[in-house]
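Just below is one structure, and these are the notes that go with it.
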Amino acid sequence: MELSAILFYVFTLLTLGSAAYMVFSKNIVNAAFALIFSLSGVAALYVLLYADFIAATQILVYVGGILILILFGIMLTTLDFTENLKTVTVNMLPASLLSGAVAVLLLYVFLSAEWTTIVPADRDGTMYDLGMMLMNEYLLPFQIAGVLLLVAIIGALLMSTRHKNEP
Amino acid sequence: MLEFLENIIPSSTIALVVFALFPLVLILVYALFAIWAERKIAGFIQDRLGPMRTGGFHGWAQTIADMLKLIQKEDIIPKDASSFLFKLAPFMIFTASYAAFAVIPFSSGYIGSNINIGAFYLLAITSFLTISIIMASWASNNKWSLVGGMRTAAQMVSYEVPTIVTVLSVLIVASSMNLMTITEMQTGNDIMGFLPNWFIFQNPFLIVAFALFFISMLAESHRVPFDLPESESELVAGYQTEYSGMRWGMFMLAEYADMLLLSLLGATLFFGGWNSPFGTFMSGPVWGFGWFMLKGMLLVFVMMWIRWTLPRYRVDQLMHICWSILIPLSFVNFVLVALWEMIF
Amino acid sequence: MESTFLQWLAEPGLTHYLMVSAILFSLGLLAVISRKNVIMVLMGVELILNSANLNFIAFSRFTELALDGQMIALFVIIIAAAEAAVALAIVLNIYNRFKTINLNDISLMKG
Amino acid sequence: MQTQIKEGFQTFKSIFIGMGITLRHFFQPSVTIQYPEVRDVLPAGARSKLFVNIDDCIGCNLCARACPVNCIDIETVKATADIDLGKTSTGNPKRLWVTQFDIDMSKCMYCDLCVHPCPTNCIYMVQEYEYSEFDRKNLIFKFSDLTPDKVIEVKEKLVKETEEKNREKELAQQKKDQEKEKDAGKTGE
Amino acid sequence: MGLLDKKYHDSNIIIVSLESALNWARKSSLWYEQFGLACCAIEMMATAASHYDFDRFGIIPRSSPRQADVMIVAGTVTMKMASRIERLYEQMSEPRYVISMGSCSNSGGPYWEHGYHVLKGVDKVIPVDVYVPGCPPRPEALLEGFLTLQKKIENESIIESKPSDKITEEADRHETT
Amino acid sequence: MLPEFGNVLLFFVIGALFVAIALFAAKLIRPHRPNAIKLSTYECGEIPIGTARVQFNNRFYIIGLMFLIFEVEILLLFPWAMVFKELGWVAFGAMFVFVFLIFIGFAYELGKGQLKWDKPVPAVPRYVEGIGVVDGEHPDMGLSAMMPEPEMDVTK
Amino acid sequence: MKQPEEIAAYLKDKIVKGVLEFVPAEIGQPWITLAPDSIKNIAKFLRDDSELRFNTLMCLSGVHYPAEQELGVTYHLHSTTFGHTVALKVRVPIDNPRVQSVESVWKTADWHEREAWDMLGIIFDGHPNMTRILCPDDWEGHPLRKDYVQQETYQGITTRF
Amino acid sequence: MTHQISANVQETREMTINMGPQHPSTHGVLRLEVVLNGEVVSRVHPHIGYLHRCFEKHAEAMDDYSKVIPYTDRIDYVSAMNQEHGYVIAVEKLLQLEVPERVEYVRVILAELQRIASHLLGIGTFGLDLGAFTPFLYCFIEREKILTIFEKISGARLLYNYICVGGLMRDVPDSFKPETADFVKTFRPKIKELNDLLSYNKIFIDRTANIGILPAEVALNYAASGPMLRGSGVSWDLRKNDPYSIYDRFEFDIPVGSGEVGTVGDCWDRYMVRVREMEQSLVIIEQALEQMPDEGNVMEAVPKRIRMKEGEVYVRTETPRGELGYYIISDKSPSPFRVKVRAPSFVNLSILPAISRGALLSDLVAIVGSIDIVLGEVDR
Ligand code: SF4
Ligand code: SF4
Ligand code: SF4
């Protein structure tokens, strides 16, 4: 087996394992920390797929940003960590059945479909090409993303502002 | 360097490992030296001497003794702590700061991993530091830790913005994210006939960028006047309060490694990395390493000098400096750098 | 038969990644539908988004979608960030209003 | 905006002034004393440790009474008549055996109050300050130079002497009584 | 778990030389817990200051007991403080040492007789390694106390047990009852 | 490209291994004598009151939120920086518009005063003639609550 | 600037009840004795009166008089406006040691009164937080009373040498 | 409904945290129970008594008035000379004793030197609280010089037991005058250096200005004294307003807080009053050195045995921390009937809860530092 194949399985294990831990964990903070590893694993898979920029972006945005935000959110909204840390999971059984079914369905589709694949070529970095694309075909989405983020800022701030003047 | 190692070492795997071990040795030696130097510098600034007795001449073995002692210290995991996260945090923090060294071009002959997105990768990987500090502080279940950890997180997160923007300012001049390429671009002494081709001399706005970078670097590596995470007089020892023994040693090591990392990044981006200031005179891989380290150490020295001079900021002032001053300034400066590049 | 399977295992291709993504997706789905804590639901959504991204990138490597896949993934990440920000702001708002972020309790309260 | 710029300027200025000062100190010689190798000379009268020149002590207990802490423990035994304890160097006659002269330096507060009242100037502070111990009991300094045997001996002697004296007194008393009786008898006769 | 727990009962050359190295490290890097109680603390600060300079011996303050090696009980320990001192001592990570600085912590000092609220000697609650006499001890005396402690550490053996085991058990009992 | 990333992975592994080895070496040597007090949480020598894991102020959250969005915006500029010199003014213009958008958000932010950290609201106590000291205004304290009822006059 | 005698006369002149007598001293300072249940009002008057303006309570000390079986409180006041000082005294029997609190008049009395309670067992009526201040809360007895007997152990530690 | 909820939020957000007894910036064994809302201090409850050393009991237990003096040293161990001075003045007043000129001058010089030493420590530790380590050590270097002078005259570095009832324990050595003069000369430039390095450092100003504001009227109501009161702009110094000893013979200013960089009565003002007071102390020392008679027996007026009449005094003196009052009641016995110490730190500390509400945790550290407490004095 090639090294990259082994690594693929290692990272798959990391991703899925921590994702599973996250889903089944009772403690929400632990779940958030587990999510870090899951997302890092995904980033590693991106690298294996020759998407280095996306991989680094994944780490930067998810680990450095979203997860910190989620952790802050947890610490902000959980009243009593000793009890509410354990999040209620009532309809666990039907839910697992349902998502299991979805998984089986998806797997079936993916396995049975005939994908027209090309022989992957080794690429040496995607930065330059990405930049070029961003400035040409994706110029509009680029600007739209800017507007979107602006809206996101304003929206998020509007919403998280307290109604009253708090200290 | 890898080829060289492969030549002298029969197994290429071992050669690779030795190759990757080099920064570790460097960090360890540097940490031993820097902690000693920090105490010495503090001593001299304060009209005292600092370590004098351990090991003989000017207490050179002081940090070795400290490390050896830390190994012997009992390792306490408080019973209210989340033991797994508590143990994981030191791993993460050191691993992340070590992995960041992979893309630093130590000399023209040595770079751990010559990836194309070097600078970007480095910025991304440092976000693990923030997470591990939150993890450590949360896991400790100690009030001082938690207050310190939250402060750290807010501080590191905030100052990451100006850091990224100033790094980006350099990247638009270089049009590359490969730190090796960036360094190579700075070879030569062409500016005004004698100045080296370092980026800081290439674009006047990069001087401002460097100032901003340096300030945010102080904050990112928790140095005075931004050393709130560990501010002894307020938070006992901040997020490290509950850590003892070698685990704490890992935090300390990571902290010093972080300081070195950012200094070296600064040296690479602004001061020509391993390039000699005298053109081809005294250049070459070995000399280059020396120059590079010298530049990094100078920055480290300035950081220490500042530490022993200034009081520290308060947390709201810290945030104010970042959000109302550094970030707008760095953006404006970024646009100006780009403009300068367009015009000249 | 056995050797082909082993070989299949040894050469991770498009299908492998798709399978990983499928499992990731269902795990995310499970989190979304089984958890009552809004933030937990959000984390599930992140997983789902990641599984989609994994697909895009896998396609970009193994089919002629090429870099467009990565580009889309990039935008997905951006949108994920915006989504997380806004969603958490909403969570905060909900919390400020109802003092809980438990979905059941919220639907009981209704304003 | 202008005030902000001014403030920023001031910040940097004050920081640079401060850094200039510290840099100046960086190159100044240090003030540190290399303690175990080099020692400061203590000034005359430094209070570091009590010492009793037991040869001169007359056992008057004045020092113990002057001590606010009561950390001096003196026990004296009167010398018997057959022994002349001599004189102190200041010329005071010694009349008491100092069988016990303990100073508990772990209680002492080094206030010098015991030094002044001493009539023979035999208790005083010496300049030795390094006597840390592993055991607290070692911080009780015993100055009496009498061996335990000697102490017992002098005590016994004193007891004997007192007994003798008492007996003599008794005898004398008896004699007196007898005489009285005699006298009474005489008068009675 | 480790060597310092006396789990390895052979004293071969390696252990012995390791032992001397470890002892050297312990004695050369005594980080003290930063807290002062009374007047003696001022002298302790003076010792740390430029004139006497603790750092020459590798002695630096740590404010968290978890990272400290030696506790300088500098000053009067009162009844109210006694249990806190004990807790702080217990929260230090082993190997740990205690220097009792000044008459007050040695034995109650000037307050031993009438001080109803003063603990008569810190050794009533925690084991003391070195007693430094003085009220307050001169900075040199404190340094000498450290040198004495270093001597003690030098002669320590990994195989032998430390006296602090006793108090540890005691503390255990304390908490459970 | 992959081999280079392999090196990165190697760095990760070596970093983790180093920590593991160091901790393992320490484990061989160090003592392990836990007891109840030692394992209790440190709080300046006191027994901790309440739990440390309490809620945090939403400033942290807003900081995190702002950071996230800024980061994402800057992120898009990275690919741009690579090609900027080649594309010239067009790219510059695109960037300028983009940064301008960021700035609008930022200005909104500053204008709302959202980025002000917990600005200390020092409660300055006051002395009221004839009544005494009144604690300063504080969000959770009304001034009237502090005012005592007027006393009976004792003078003739 | 008024002398203590003048102040005493002025007080007697102005106040309805509670001012008992002016005691001139042989050595040291004279003082005015007051009744324990009117001290607060008098204090307020002393503070606010435009001719006295005793804006500062310098010291509040409790005293135990074993001979009379009494506890006493001494107040030392001074005025930064006029620069005059005065000492007031209050005596209460030891079995019912209740004095009005002046905490609401001079905030500084807060801790002083707590200390007097801790050390001597004087109860100040109207004090918002009458708890021990120097000794631990579970301490026994009031140490500065002349007949105080030191407790033998505290939390299992012997208090004696 | 809404209202209730918001009250609820307040509660759940709050975290009670113990600052001290072992904490680097509580200057000893003070314990502050701080109720935090986020990082904002909602309430502070100081818990004191961790250093209660029963001074008053000891004073009553001693069988001589002079045996109390070493204990007074230990009340405020940072300014032992001032403590002795105050106590001795009180006892002398009870005895109606006149002390020789020379003694008075020596006492004043020592008291002022001690004031400088004490302020140096206060300033240094204040800087340390705010994270400036180096000024702290510079202050200690200067302080060490004063201690050397003290050690030469009294034999001890910190707790002197030098001033005794009616005089001094021993005469000052010949070197005293020139050495003190020398110190005065070398110390002036150091104050300027300190100002450059710390006082006018922008970061320092940012940390201390407008923090912990104490208005003058409130300060008086709380009976604050010393730099704490003067920092609030009240020009009240017992050395001037109620002169004791021979302070009426010297010309000096009373520095008061002026709100130079912030509001009157903030931490910076309190700090700066201390710095300026050191300058004024130098002025006093210079004058005293000039006027001091060279000859004279310092033991002249020392009574052989102290025989006391019945009576009581309240004597207040100005120590570095403020108004130190000794309330001594004597009876005919050789031991004092009652000695009450009105310790300035005790009173000053009681203001802390009032002025620290609404401040940040870091500000609390600054406020505690600016009060400059000595726990020995707070707890006695
Ligand atoms: S120095 Fe003071 S405490 Fe010590 S023995 Fe002499 S009188 Fe007693
Ligand atoms: S005062 Fe002097 S002579 Fe008398 S007992 Fe003491 S030491 Fe001896
Ligand atoms: S031994 Fe002396 S100097 Fe030390 S704390 Fe006790 S009284 Fe103060």
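The basis for the numbers below is simple: all heavy atoms, side chains too, and nothing from hydrogens, waters or symmetry mates. Residue numbering restarts at 1 for every chain, and letters A, B, ... go by the order of the sequence lines.
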What part of F/A20 lies closer than 4.5 angstrom to a heavy atom of chain B: side chain, backbone, both or neither?
-> both
Chain F heavy atoms under 4.5 Å from B/S176: which part of the residue, side chain, backbone, both or neither?
-> backbone
Could you tell me which non-hydrogen atom of B/M246 sits nearest to which non-hydrogen atom of F/A22, and how far apart they are?
-> CG-O, 4.1 Å
B/P23, part contacting chain F, at a heavy-atom distance under 4.5 Å = side chain
Check each atom of B/M92 against the heavy atoms of chain F and say whether the ones under 4.5 Å are side chain, backbone, both or neither.
-> neither
Look up atom CZ in F/F100 and atom CZ in B/F331, then write down how far apart they are to the nearest 0.5 Å.
-> 14.0 Å
Identify every side-chain donor-acceptor pair in residues 96-105 of chain B under 3.5 Å, counting partners at least two apart or on other chains, and give the distances.
| residue | atom | partner | partner atom | Å |
| --- | --- | --- | --- | --- |
| B/S97 | OG | B/I93 | O | 3.0 |
| B/S97 | OG | B/F94 | O | 3.3 |
| B/Y98 | OH | B/A20 | O | 2.5 |
| B/Y98 | OH | B/L24 | N | 3.2 |

Exercise: identify the closest heavy-atom pair between F/F92 and B/V335 = CE1-O, 4.0 Å
With a 4.5 angstrom heavy-atom cut-off, which part of F/V8 approaches chain B: side chain, backbone, both or neither?
-> both
Sorted by chain and number, sequence neighbours left out, side chain to side chain donor-acceptor pair (under 3.5 Å) with B/W248 holds for B/Q240
Tell me the residues of residues 156-164 of chain B whose non-hydrogen atoms fall below 4.5 Å from those of chain F, in number order.
-> B/V157, B/S158, B/E160, B/V161, B/I164
So which bits of residues 121-130 of chain B come within less than 4.5 Å of chain F, counting non-hydrogen atoms only?
-> B/Y121, B/L123, B/I125
How close do B/L168 and F/A81 get, heavy atom to heavy atom, and via which atoms?
-> CD1-CB, 4.0 Å
Looking only at heavy atoms, the pair that brings B/A338 and F/W80 closest together is CB-CH2, 4.5 Å
Give, as side chain, backbone, both or neither, the part of F/F70 having an atom under 4.5 angstrom from any heavy atom of chain B.
-> side chain
